[in-house]
Participant: 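Below are the structure tokens for one structure; questions will follow.
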Amino acid sequence: MFDFAHSASLVAVIAIGTALIRFLPFLLFPEGKKRPAFIDYLCRYLPAAIMGMLVVYCLKNVSLLSPPYGIPELIALAAVVLFHLWKRNSLISIFGGTALYMLLVQVVFS
Amino acid sequence: MRKKTVQKAFRDSLPVMAGYVFLGMGFGILLQDKGYSFWWAVVMSMTIYAGSMQFVAADLLSSGASLITTALMTVMINGRHLFYGLSMLEKYSNVGRAKPYLIFALTDETFSIACQDDAAKGVSRNLYYLLLSLFNQFYWVFGSGLGAFLGHKLTFDSTGIDFSMTALFTVLFLEQWLGSKQRLPAILGVVISVVCLLVFGPSDFVIPAMIGISIALWAVRGVLQKGGAANV
């Protein structure tokens with residue numbers, strides 16, 4: 001049953017909630033005011049760590065125990081890394097690796 | 001300066017384009033299937049602008065979930081964005097009148113590109129951040145609208161295109177790895193995330209991982225800060 005009011009409220013809750021989460025650090029530590037040492041420290045070293053987390057995050061649903069055992073991901077990731085070490089061109093590495101992955105999951109491992 | 005900035009922002013947003021357009025289409029199609037019109041997809045992509053959350057929202061909408069459940073899920077799923085804001089406190093200062101929009105638009109992908117330290121000559125930092133954010137959101141909104149509009153008339157099999165996100169993060173991780181002498185933060189990021197993934201499972205590991213990473217980074221501050229500003 002489509003209930004417009006309920007649906008709209010739901011979307012609003014999500015939109016406001018998400019925005020609040022994103023704005024919170026900037027509200028807690030406004031520009032111009034001195035930030036605690038811990039926060040400045042995180043500011044500097046978190047990005048590198050988050051990149052590592054994001055790679056794991058993208059692969060979180062890959063099952064090593066059931067077919068295709070993460071093999072397409074392994075091959076495509078190896079391709080991305082090798083492309084990149086060879087050409088150091090983000091676009092080639094990303095699109096090349098993605099094209100290979102799509103080929104693997106649509107044709108080879110389907 | 002402006003032209004170079006536009007070019008760099010566009011070029012840097014290209015890896016995101018394919019992923020966002022096709023994933024956006026997936027969202028638009030899903031929402032259509034649940035009985036929500038084109039405008040729901042567009043408005044949600046404009047106001048929420050969070051991929052994984054929007055997909056979950058489609059289910060919440062069709063199952064008539066309560067507002068409390070929705071609020072809790074929003075925090076659980078989007079909690080990691082808090083750490084993105086934390087990381088950008090410095091870079092997003094003195095960034096002009098568009099700052100609220102920049103903060104609003106801080107998705108995984110926009111964050112990962114914006115936090116790179118590859119300032120190019122002749123590029124206006126403020127305009128770059130704004131354009132990068134705008135381009136990325138445009139792709140997402142466009143994809144959502146297109147998907148909702150076309151529905152299942154689409155015949156191109158785009159299975160696997162979301163791997164472009166994985167590839168993007170991997171390339172950025174690699175660039176960072178190659179460019180810095182201090183690799184401990186990157187290693188901690190991966191190791192702690194994997195451990196949390198194994199302990200908490202795919203849907204619940206991110207927030208524990210981010211908390212664990214923050215604590216671990218602080219714990220090793222002696223090591224990281226040895227050598228002073230030379231080590232980044």
Side-chain angles (χ1 to χ4, degrees), chain A residues 1-3 6-7 9-15 17-19 21-26 29 31-32 35 38-61 72-73 76-77 80-81 84-85 90-91 93-95 97-98 101-106, chain B residues 14-15 35 44 47-48 50 53 57 60-61 64 67 70-71 74-75 78-79 81-83 85-87 89-90 93 103-104 106 108 112 115 157 159-161 163-174 176 180 185-186 188-190 193-194 197 202 206 209-210 213-214 217-218 221 224:
Chain A
M1 256 269 29
F2 178 76
D3 177 348
H6 186 82
S7 299
S9 318
L10 215 124
V11 173
V13 165
I14 300 174
T18 305
I21 294 170
R22 287 173 174 157
F23 276 91
L24 195 58
F26 296 91
F29 307 107
E31 214 177 301
R35 293 186 287 267
F38 175 57
I39 299 301
D40 272 336
Y41 178 79
L42 282 184
C43 219
R44 190 161 167 204
Y45 293 108
L46 260 182
I50 292 179
M51 288 320 303
M53 185 280 287
L54 284 170
V55 176
V56 174
Y57 179 77
C58 283
L59 298 167
K60 65 184 160 89
N61 290 315
E73 283 80 8
L77 271 177
V80 170
V81 173
H84 203 65
L85 290 174
S90 328
L91 293 178
S93 312
I94 293 168
F95 286 116
T98 303
Y101 181 77
M102 289 175 76
L103 184 72
L104 289 172
V105 295
Q106 287 185 26
Chain B
L14 278 176
M44 285 173 79
T47 59
I48 298 174
M53 188 63 224
L60 293 172
L61 278 169
L67 294 183
T70 303
T74 303
V75 175
N78 283 344
H81 294 270
L82 186 109
F83 293 89
L86 253 180
S87 305
L89 281 172
E90 185 55 47
S93 42
I103 299 172
F104 164 79
L106 219 43
D108 304 322
S112 61
C115 79
D157 187 356
T159 308
I161 201 150
F163 188 78
S164 58
M165 311 297 205
T166 315
L168 168 67
F169 295 138
T170 304
V171 166
L172 293 174
F173 180 86
L174 196 54
Q176 202 168 258
S180 64
L188 281 176
V190 176
S193 299
V194 171
L197 175 63
V206 180
M210 288 313 310
I213 286 171
S214 302
L217 281 174
W218 186 245
R221 65 188 176 285
L224 289 183

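The analysis underlying the following values was restricted to heavy atoms, covering all of them including side chains, and did not include hydrogens, waters or symmetry mates. Order of the sequence lines sets the chain letters (A, B, ...), proteins ahead of strands, with each chain counted from 1.
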Participant: If I measure from the heavy atoms of chain B, does A:Val105 come under 4.5 Å with its side chain, its backbone, both, or neither?
Facilitator: side chain

Participant: Mark yes or no for whether A:Arg44, through its side chain, and A:Tyr41, through its backbone, hold a donor-acceptor pair below 3.5 Å.
Facilitator: no

Participant: Taking atom CG of A:Leu10 and atom CG of B:Leu60, what is their separation to the nearest 0.5 Å?
Facilitator: 6.0 Å

Participant: For the side chain of B:His81 and the backbone of B:Leu106, is there at least one donor-acceptor N/O pair under 3.5 Å apart?
Facilitator: yes

Participant: Side chain, backbone, both or neither: which part of A:Phe26 has a heavy atom under 4.5 Å from chain B?
Facilitator: both

Participant: Can you tell me which of B:Ser164, B:Gly35, B:Ala209 forms the most heavy-atom pairs within a distance under 4.5 Å of chain A?
Facilitator: B:Ser164

Participant: If you count heavy-atom pairs under 4.5 Å between each of A:Ser90, A:Pro47, A:Ala12, A:Ala19 and chain B, which one has the most?
Facilitator: A:Pro47

Participant: Any idea which of A:Ser9, A:Gly32, A:Cys43 has the most non-hydrogen atom pairs under 4.5 angstrom with chain B?
Facilitator: A:Cys43

Participant: Report yes if some heavy atom in the side chain of A:Leu104 is under 4.5 Å from a heavy atom in the side chain of A:Glu73; otherwise report no.
Facilitator: no

Participant: In terms of heavy-atom pairs under 4.5 Å with chain A, which of B:Met165, B:Met44, B:Glu90 leads?
Facilitator: B:Glu90

Participant: With side chains defined as the heavy atoms from C-beta onward, is the minimum distance between A:Ile14 and B:Met53 less than 4.5 Å?
Facilitator: yes

Participant: Is it the backbone or the side chain of A:Ile21 that comes under 4.5 Å from a heavy atom of chain B, or both, or neither?
Facilitator: both

Participant: Would you mind telling me which of B:Leu67, B:Leu89, B:Thr47 has the largest number of heavy-atom pairs within less than 4.5 Å of chain A?
Facilitator: B:Leu89

Participant: If you measure from OG1 on A:Thr98 to CG on A:Leu103, what distance do you get to the nearest 0.5 Å?
Facilitator: 12.5 Å

Participant: Does any backbone or side-chain atom of A:Leu59 lie under 4.5 Å from a heavy atom of chain B? Answer side chain, backbone, both or neither.
Facilitator: side chain

Participant: Under 4.5 Å, counting heavy-atom pairs only, tell me which of A:Val80, A:Ile50, A:Leu42 racks up the most with chain B.
Facilitator: A:Ile50

Participant: Could you tell me the separation between the OH atom of A:Tyr45 and the CG atom of A:Asp40, rounded to the nearest 0.5 Å?
Facilitator: 11.5 Å

Participant: Do you know which of B:Ile213, B:Leu197, B:Val75, B:Leu174 has the most heavy-atom pairs under 4.5 Å to chain A?
Facilitator: B:Leu174

Participant: Which distance, rounded to the nearest 0.5 Å, do you find between the SG of B:Cys115 and the CE of A:Met51?
Facilitator: 6.0 Å

Participant: Using 30° and 60° as the class limits, which term best fits the ring planes of B:Phe163 and A:Tyr101: parallel, tilted or perpendicular?
Facilitator: parallel

Participant: If you count heavy-atom pairs under 4.5 Å with chain B, which of A:Leu24, A:Leu91, A:Ile39 comes out on top?
Facilitator: A:Leu91

Participant: At a 4.5 Å cut-off on heavy atoms, which part of B:Val194 comes close to chain A: side chain, backbone, both, or neither?
Facilitator: both

Participant: Shorter than 4.5 Å, heavy atoms on both sides: which option in A:Asn61, A:Val55, A:Leu54, A:Val13 has the most such pairs with chain B?
Facilitator: A:Leu54

Participant: Would you check if the side chain of A:Arg22 reaches a backbone N or O of B:Ile103 as a donor-acceptor pair within less than 3.5 Å?
Facilitator: no

Participant: Just so I understand: if I count every heavy-atom pair under 4.5 Å between each of B:Thr159, B:Leu14, B:Asp108 and chain A, which residue has the most?
Facilitator: B:Thr159

